[in-house]
Protein chains: 2
Amino acid sequence: MSTGRPTLADVAVAAGVSVSTASLAFSGAGPIAAATRDRVLAAAADLAYPGPNPLGQQLRTGRSGIVGAIFGDRLRRSFRDPVSIQMLDGLAQSLGAHDIGILLIPSEAGDVPPLVAHAAMDAAVVVLCNGPDDAVVAALARRGIPVVLVEGDLGAPTERDGPAGRVPASHPTARVGIDDRRGTEALVRTLRALGHERFGVVALPFGHDRRLGEPDPARDPRSGYLATRRRLAGIADAGVVPEIVIETPASLVEHGRSAGHEILSRPDPPTAIIALSDLLASGVVLAARELGLRVPEDVSIAGFDGLDLPWLAPDVLTTVRQPLAEKGRQAGEAAIALIAGVPFPPVILPVQYEQGTTTAAPRAASHSNG
Amino acid sequence: MSTGRPTLADVAVAAGVSVSTASLAFSGAGPIAAATRDRVLAAAADLAYPGPNPLGQQLRTGRSGIVGAIFGDRLRRSFRDPVSIQMLDGLAQSLGAHDIGILLIPSEAGDVPPLVAHAAMDAAVVVLCNGPDDAVVAALARRGIPVVLVEGDLGAPTERDGPAGRVPASHPTARVGIDDRRGTEALVRTLRALGHERFGVVALPFGHDRRLGEPDPARDPRSGYLATRRRLAGIADAGVVPEIVIETPASLVEHGRSAGHEILSRPDPPTAIIALSDLLASGVVLAARELGLRVPEDVSIAGFDGLDLPWLAPDVLTTVRQPLAEKGRQAGEAAIALIAGVPFPPVILPVQYEQGTTTAAPRAASHSNG
DNA sequence: GTCGAAGGTCGAATCGATTCGATCATCGAC
DNA sequence: GTCGATGATCGAATCGATTCGACCTTCGAC
């Protein structure tokens, strides 16, 4: 065809070879004489042929070279959190090394976006998984697309009933997460060793129904974000029942600030506040400052994640550091393994307590107040 | 075929119709009897057919349903900037409404990533364009992929020589940007009206060779990020020659802080500091606080973008607000138009000066010092 | 009763590549 | 000189859908 953009067939004709030989010249798969290859390449340059059409390759090979990244919220909210970003950066690293692209799929409040149902992808990374039942995961399973669950259910794979259907246990799935539970446990134990006895907690969202305030006790404990539940469980593991828990609609500074005000404005507030993310914790620090409270003299504040928060200076947050980029990298490796048909054993990355300047022993006065 | 995943042909056989009819049942393009459609759909459900394979559709229709978003830096750095995020969010909105996915392509320091050269996409949005010569744009043009330049060259389209080849003027291209130049001009005029005469500038990166410090005067003025150049030009338009300009390697708080220290530690520093982004400006505010300077009494500080920076409280940054999400939305509309073969006229969105608490008239003493 | 139009279905071509098996030529070895 | 092996090239099938034109039926109108 002389019309339209040139195809491999056009190049083959121009070079005086067959289509199969021309294909070999580009892919290098199979024996080909150097002279022939050069001739084909020259003809291609002549025709301004931009290389094999990816659509043709994809249909033939059955691979799209794309991995979907599905976030449990609008991009604006997800990506204001450096946690998602650093993970995504790690993901881009490991996938990029294999020339695999990332298809960005925002998924609001538990619905199944059309892209999940229809877009071409070789695997999907689901970032904030909504507990054992997840319509998105079910939809992917139905399409036979391998799934990597990040910060989702880290337990053993089982047959699950999702709202959109059953996810068979045989469906290729991998799990990547961190040891959140041990993280908050270590954090709280350290605070108890310092002498703290009365704790407040500023929690991450419990589930897709995001709200600010004390959590609804009537909520189904089987659903909701698992990372939140694990971090709370770690606090319980350390033998602490918080005096007050405030749930936030998103891991953002302003929500931490609101929650901080709510907790610290009470009469006789707790001596230590544990926020389940650094962004929330830094909001609590701001609230404390605004209320004229000294940190850590009047109140100890700790976070989770290990972010770099230069604007909190001179304070440095006490936190539990998690390997964010590594988590993304592992998720990428998992996706690559699943695409190749190789099972990928669950990964649980370690976290590490990191002492900052925002925690210290409680004041004696506050202690006698309890 | 009973082997492997079911195809449309399998469904057709099971439903006792031809493949073309089965196709009609799914696509709805063309007349089909309701009874027939139901029979096909029932057969599909029976076989657990997950709908038409996107790879087959894509080859046939020539559309991948994907738009590439190409960022001029690593994701980690790009996405720590809320500016990119909000734009991306707007982009996701307009593209998502057409069921078009976003392929994330990080592109470090001016190289051409393999995905740009080989991934399937119907159009590409290039976010930080490196002046009139851009290898990425050239590569896309060679492949015949329509390009939307955001914050790139806003001038008239011309034939350009890129390092990787020529971009023909006929190549489908759209431009979306903001009126940065007028923005900084208005800002500086306001500051002059307040009485400021001596200015410092904390600039965005000049180009891919990112560094911190006073800009190299030997640098080729024809290359580099155009947004930076336009915002600087706006300052000149207001009749101001800054006493000192500090270039930063990225729009991040910490770089603004370093630059702020550098400027404010000088003997007799300028009375007003203009940062070309809010993130940089907030870093300068932090530096001022650390140096014991009062804002705005001792020094006025202004930014650009109009971000929400809750942790800067009680200060509210004086800034120039740009419609970030709208910019992304327009870029999406532009991509959609170009894919449809419809030309998209250049869009230059207006910006608006916004008075905060970080600017005021200079102190009389400082004025007499000049 | 016949004709035309409209609606529904089907067959076959097509999108642009990859890949397997067959063919053919060349060359070295016996 | 013949045989076998090796390497290069080609033809044709295939991936999974869409879509155009042809065909057939049915129905209404004259």
Side-chain angles (χ1 to χ4, degrees), chain A residues 1-41 43-44 47 49-65 117-122 143-145, chain B residues 1-41 43-44 47 49-65 117-122 143-145:
Chain A
M1 299 279 184
S2 62
T3 164
R5 305 191 68 75
T7 74
L8 194 54
D10 300 328
V11 174
V13 169
V17 299
S18 73
V19 199
S20 29
T21 303
S23 175
L24 259 30
F26 283 97
S27 67
I32 187 173
T36 311
R37 181 181 46 238
D38 293 346
R39 197 147 39 90
V40 172
L41 263 31
L47 296 173
Y49 176 70
N53 183 328
L55 261 28
Q57 300 182 308
Q58 288 175 16
L59 174 59
R60 183 61 235 241
T61 61
R63 293 269 161 82
S64 65
H118 302 303
M121 40 188 163
D122 300 334
R143 294 184 57 194
I145 296 175
Chain B
M1 299 279 182
S2 62
T3 163
R5 305 191 67 75
T7 74
L8 194 56
D10 300 328
V11 175
V13 168
V17 300
S18 73
V19 198
S20 28
T21 303
S23 174
L24 258 31
F26 284 98
S27 69
I32 186 172
T36 312
R37 182 181 47 237
D38 292 347
R39 197 148 38 91
V40 172
L41 262 31
L47 296 174
Y49 175 70
N53 182 328
L55 262 28
Q57 300 183 309
Q58 289 174 17
L59 174 59
R60 184 60 235 243
T61 62
R63 293 270 162 83
S64 65
H118 301 305
M121 39 188 164
D122 300 334
R143 293 184 57 193
I145 297 175

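Remember, predicted model here, so these are calculated numbers, not experimental data.
In the helix from C:dG1-D:dC30 to C:dC30-D:dG1, the end axes, each obtained as the rotation axis mapping the C1' atoms of four pairs onto the next four within a five-pair block, lie 50° apart to the nearest 10 degrees.
The side-chain contact (heavy atoms from CB on, under 4.5 Å) test applied to B:A117 returns no partner, not counting sequence neighbours. Residues forming a side-chain contact (heavy atoms from CB on, under 4.5 Å) with B:L59 (at least two apart in sequence, or on another chain): A:L55, A:L59. Every residue was checked against the side-chain hydrogen bond (donor to acceptor under 3.5 Å, both in side chains) condition with A:N53, not counting sequence neighbours, and none meets it. Applying the side-chain hydrogen bond (donor to acceptor under 3.5 Å, both in side chains) rule to B:T7 yields no partners; only residues at least two apart in sequence or on another chain are considered.
With DNA chain C read from its 5' end, the first of the two nearest nucleotides for B:V17 and A:T7 is the one closest to B:V17.
Remark: A:S18 is in phosphate contact with D:dC10, judged by side-chain N or O atoms under 4.0 Å from OP1 or OP2. The shortest distance between the side-chain N/O atoms of A:Y49 and the OP1/OP2 oxygens of C:dG16 is not below 4.0 Å.
Here the closest non-hydrogen pair linking B:R5 and B:D10 is O-OD2, 4.1 Å. Considering all non-hydrogen atoms of both residues, A:H118 and A:R143 come closest at N-NH1, 3.4 Å.
Listed in residue order, the members of residues 19-29 of chain B having a heavy atom less than 4.0 Å from DNA chain C are B:S20, B:T21. For the segment residues 53-64 of chain A, residues with any heavy atom less than 4.0 angstrom from an atom of DNA chain D are, sorted by number, A:L59, A:R60.
Counting only residues at least two apart or in different chains, side-chain hydrogen bond (donor to acceptor under 3.5 Å, both in side chains) contacts with residues 55-64 of chain B comprise B:S64-B:D122.
If you check every strand for non-hydrogen atoms under 4.0 Å, B:P31 touches a base.
Distance B:L8 CG to C:dC15 P: 20 Å, rounded to the nearest Å. The interatomic distance linking B:R5 (CZ) with D:dA17 (P) rounds to 11 Å, in whole Å. Protein atom CD1 of A:I32 is 19 Å distant from nucleotide atom P of C:dA25, rounded to whole Å.
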In residues 19-38 of chain B, what donor-acceptor pairs under 3.5 Å come from side-chain atoms, sequence neighbours left out?
| unit_1 | atom_1 | unit_2 | atom_2 | d |
| --- | --- | --- | --- | --- |
| B:S20 | OG | B:S18 | OG | 3.0 |
| B:T21 | OG1 | B:S18 | OG | 3.1 |
| B:S27 | OG | B:S23 | O | 3.2 |
| B:S27 | OG | B:A29 | N | 3.2 |

